[in-house]
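One structure is given below, encoded as structure tokens.
Remember, predicted model here, so these are calculated numbers, not experimental data.
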Amino acid sequence: MFSSVTALCALLAIASYALAQTETLPPGMQEVLRDLDGAASQAVKNPNDIGYTLGIVTRNGLAWTKSYGFAGSSRTRPADADTEYPVGTGAFSAIMLLQLVRDGKAHLSDAAEKYVTELKSVRGRYPDAAPVTLMQLALHTSGLDLGPVGPNNNGLVARWDESLTAALPNAQYAFEPGTHAAASYAEDAVLALALSRAANQPYDEYLQEKILLPLGMSQSRISKGGRGLNPVLQTTIGDFARFASFLMLGGPETVLSRKELEENYRRVWVGNSVAVPNPSEWFGIGYHGETWTSNHYYFVPSIGSTQPGFDATFWFEPRRHAGVILLHQGGGGGVLGQMIHTYVYTLNAQKVDAGRQDPVKPFPYTEEEVSFENKAAGIELAGSLTVPTGTAPFPAVVLIPKSGAMDRDERILNHRPFLVLADYLTRAGIAVLRADVRGVGKSGGKLAGAQVADLAGDAEAAMEYLRTRKEVNAGRVGLVSHGEGGLAAGMAAARDRNVAFVVMLGAAAVPLAENAVEGSRLSAEANGELYAKAEAQASLMRGVLTIVLHESDQATLENNLRNLLVGKLPESQIAPQIRQWTSPAVRTAMSYDPGPELKKITCPVLALYAEKDFTVPARLNVPAMRAALAGNKAGEVEELPDLNLLFQTADVGIGREANWAEETMSPAVLTKIADWAVRQGSRR
């Protein structure tokens, strides 16, 4: 153990800016730097996170870098420019492939079986189909699938290639080669092995001799062994920046000529099945691409880490010859997605939604930090109260967020939906109280183990507090919920007849277990999975929930879940999944049926559903909500097209869209909620 003073100093220590002054950055990158720095500085405060090393790179080299947090899980040394991170080698294998083609040692059309004869043992080969080629492996169109592969359990650390050849007899083809595009770590591994044999040289030796050393990557090396089937490169930000500059046509041409690299970037692009239908995504050899507008497109070389607990990504825009490198260790990998969002939009990609909606001070209303007590639970909750200008008293609402450790702004991905919603409603003449969930932010109590009734009690306490405020019309206090918050809103409105009205955004009207099964299928399909695979995922979820909801003996429950999950998930993920699914809170939540409580609500209700919300599918919940509110003359249920789970404008509905869209909530939805709530608030 080291002293708390030492720990504090280490936590605050961050590496200095490196190698080049920021004024050398291309246009727009100063703003990218500022936003990346802010995101990482905030993210590393998460106790589950460990460290980040970020960089901005140009064709001339590393222009800026900074590290945050620690260099390892022991948290004894601050992260810095010399911190090593494991990255995937797909992009390096691509360069190796192009070199071997250049040297006449391989052809893109070569059958992979020519080098990896073990492929002949793969199951489910399509009759009379041509053998899978090196090109198909590189473009992720081979269909080769190894399924989940856990760590080596024989007590030995095997080389990646030995583990791969041992696993190939258990592989299969997910689809007929050449008919789909779907990324697979198995393809990267088999391609690396095939190239090693084509070169008649061990993979690590070849990369060291022909790529790493010529690029000056003296601090990089291929790990000799590991948990998975893919080679892993240990590298630093400075070393990887040399490879990044090379990919942006910065040389040296002794590795591969600029003409050959450019030819590869112009080679056939294969449509990516992820995010169907979305023709703006595609695969090339060694990278995938993202097209945001006709003038802004990005290359994303294949360097994603296959090591648990690590993340790595590199994005660059070819026309600017500049990009961002993001390396991370710890439990906050979602932050990298936020950083990519910042990078793309800061460089002025064309807006396809409402744009950034976070309100900017000064506000045309008052905002006050408040606290109130849930006396029944014995906890104090904290939040923000916004009050319109004008003549009081005003109608008011309490905002109830989705499930999870939500702060008062309901911070999700890059968005703060409740901050935007509260601002819009307050400007429309409605006072709004939004609070940190119990156990989050400044609110007391514990979220772990909290049930629907507990959260409904918190909502009731918030309404009671509003009724004591002189600015609020005590008879016109309502609720606005989002997602799973609708369960608490429904229960509170059912047992508190003083609730004036309720707005529910994506509220479950059938048991959560039913939503989970259907949602898993819809999400898989939207992300481009084959229909059969999407149905298999839904079937697995159905099997898990059947066991969870019907088996009472804990030992039998855990044993049955393990038997179901073995072979379907990596071994390292099974125990955490079992702990999650067998927790009392999850079991209770999955079995909860909101229908009976919804039927008891007598106040006006507006229930809105998003067509492309896969967590609460409209197909299941709209009919059920209409049936539950059939006896409520003031109940309205509406499904809104082209919106996702955050009620953003959406093309497909997948999570990546929600993260990268600038729009936090569709203006049409904000207007609909405000207009309806104002009408209810003006009723006598």
Side-chain angles (χ1 to χ4, degrees), residues 49-55 57 83-97 137-142 144-149 151 160 164 181-192 203 207 211 220 222-223 226-237 239-241 243-244 247 270 272-275 281-290 298-316 323-341 343-344 527-529 570 572-573 654-656 659-660:
D49 225 329
I50 297 176
Y52 293 82
T53 296
L54 313 180
V57 64
T83 298
E84 290 188 354
Y85 295 85
V87 303
T89 56
F92 293 86
S93 295
I95 300 303
M96 183 177 178
L97 172 60
L137 290 174
L139 290 177
H140 300 291
T141 61
S142 74
L144 188 64
D145 183 15
L146 280 169
V149 178
W160 66 270
L164 173 63
S184 165
Y185 70 87
E187 293 170 311
D188 288 338
V190 172
L191 179 62
Y203 183 83
L207 256 61
I211 299 177
S220 301
I222 296 292
S223 299
R227 304 187 197 182
L229 310 181
N230 295 74
V232 174
L233 181 73
Q234 294 290 138
T235 191
T236 64
I237 187 73
D239 257 24
F240 185 78
F243 182 65
L247 293 180
V270 178
N272 184 0
S273 64
V274 177
E281 293 194 37
W282 27 266
F283 279 127
I285 294 179
Y287 65 95
H288 77 264
E290 298 277 354
Y298 301 85
F299 287 169
V300 189
S302 305
I303 66 159
S305 178
T306 59
Q307 301 302 291
F310 289 91
D311 302 282
T313 191
F314 167 46
W315 283 54
F316 72 94
V324 295
I325 303 169
L326 310 175
L327 306 175
H328 166 246
Q329 179 182 9
V335 177
L336 264 62
Q338 297 179 24
M339 293 178 182
I340 292 300
H341 168 270
Y343 167 60
V344 169
N527 277 285
E529 294 286 8
S572 61
Q573 295 181 16
I654 58 177
R656 183 179 60 80
N659 190 22
W660 291 353

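With contacts defined as side-chain heavy-atom distances shorter than 4.5 Å, the pair Phe314/Val87 does not qualify. In this structure, Ser93 and Tyr203 have side chains that are in contact, with non-hydrogen atoms separated by less than 4.5 Å.
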side-chain hydrogen bond (donor to acceptor under 3.5 Å, both in side chains) evaluation trace for Asn230 with Thr306: CA-CA 8 Å; Asn230 295 74; Thr306 59; 5.2 Å; no
Chi angles and distances behind the side-chain contact (heavy atoms from CB on, under 4.5 Å) call for Phe283, Thr141: CA-CA 9 Å; Phe283 279 127; Thr141 61; 6.0 Å; no
Worked check of ring pair (Phe, Tyr, Trp, His ring centres under 6.0 Å) between Tyr298 and Tyr343: CA-CA 11 Å; Tyr298 301 85; Tyr343 167 60; 5.5 Å; yes
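Taken to the nearest 0.5 Å, the CD1 atom of Ile325 stands 10.5 Å off from the CZ atom of Phe243. To the nearest 0.5 Å, atoms NE2 (His288) and CG (Leu139) are separated by 14.0 Å. To the nearest 0.5 angstrom, Ser302 atom OG is 5.0 Å from His140 atom NE2. Distance CG/Leu247 to CZ/Phe316: 6.0 Å, rounded to 0.5 Å. Atom NE2 of residue His328 and atom CD1 of residue Ile50 lie 7.5 Å apart, to the nearest 0.5 angstrom. Rounding to the nearest 0.5 angstrom, the gap separating the OG1 atom in Thr313 from the CD1 atom in Ile340 is 5.0 Å.
Relative orientation of the Tyr287 and Phe299 rings is tilted, given thresholds of 30° and 60° on the angle between their planes.
Distance alone, capped at 3.5 Å, places no donor-acceptor pair between the Thr89 side chain and the Phe92 backbone. Using modelled atom types, one side-chain atom of Ser305 and one backbone atom of Pro86 make a donor-acceptor pair closer than 3.5 Å. Within the 3.5 Å criterion, the main-chain N or O of Leu144 finds a donor-acceptor partner in the side chain of Ser184. Here the side chain of Gln307 pairs no donor or acceptor atom with the backbone of Val232 at under 3.5 angstrom.
Minimum heavy-atom separation, Ala182 to Glu187: O-OE1, 3.5 Å. The two atoms that bring Asp239 and Ser220 nearest to each other are OD2-OG, 2.7 Å, heavy atoms only. Taking all atoms of both residues into account, the shortest heavy-atom contact from Ala189 to Leu164 is O-CD2, 3.5 Å. Closest of all the heavy-atom pairs between Tyr85 and Gln329 is CE2-N, 4.1 Å. For the residue pair Trp160 and Leu229, the shortest heavy atom distance occurs at CE3-O, 3.3 Å.
By the salt bridge (Lys or Arg N to Asp or Glu O under 4.0 Å) test, Asp188 is found to be paired with no residue, residues two or more places apart in sequence or in another chain being considered. Residues passing the side chain to side chain contact (heavy atoms under 4.5 Å, CB included) test with Ala138, sequence neighbours excluded: Leu97, Leu191, Ile285.
With respect to Leu336, the side-chain contact (heavy atoms from CB on, under 4.5 Å) criterion is satisfied by exactly one of Asp311, Leu327, Val324: Asp311.
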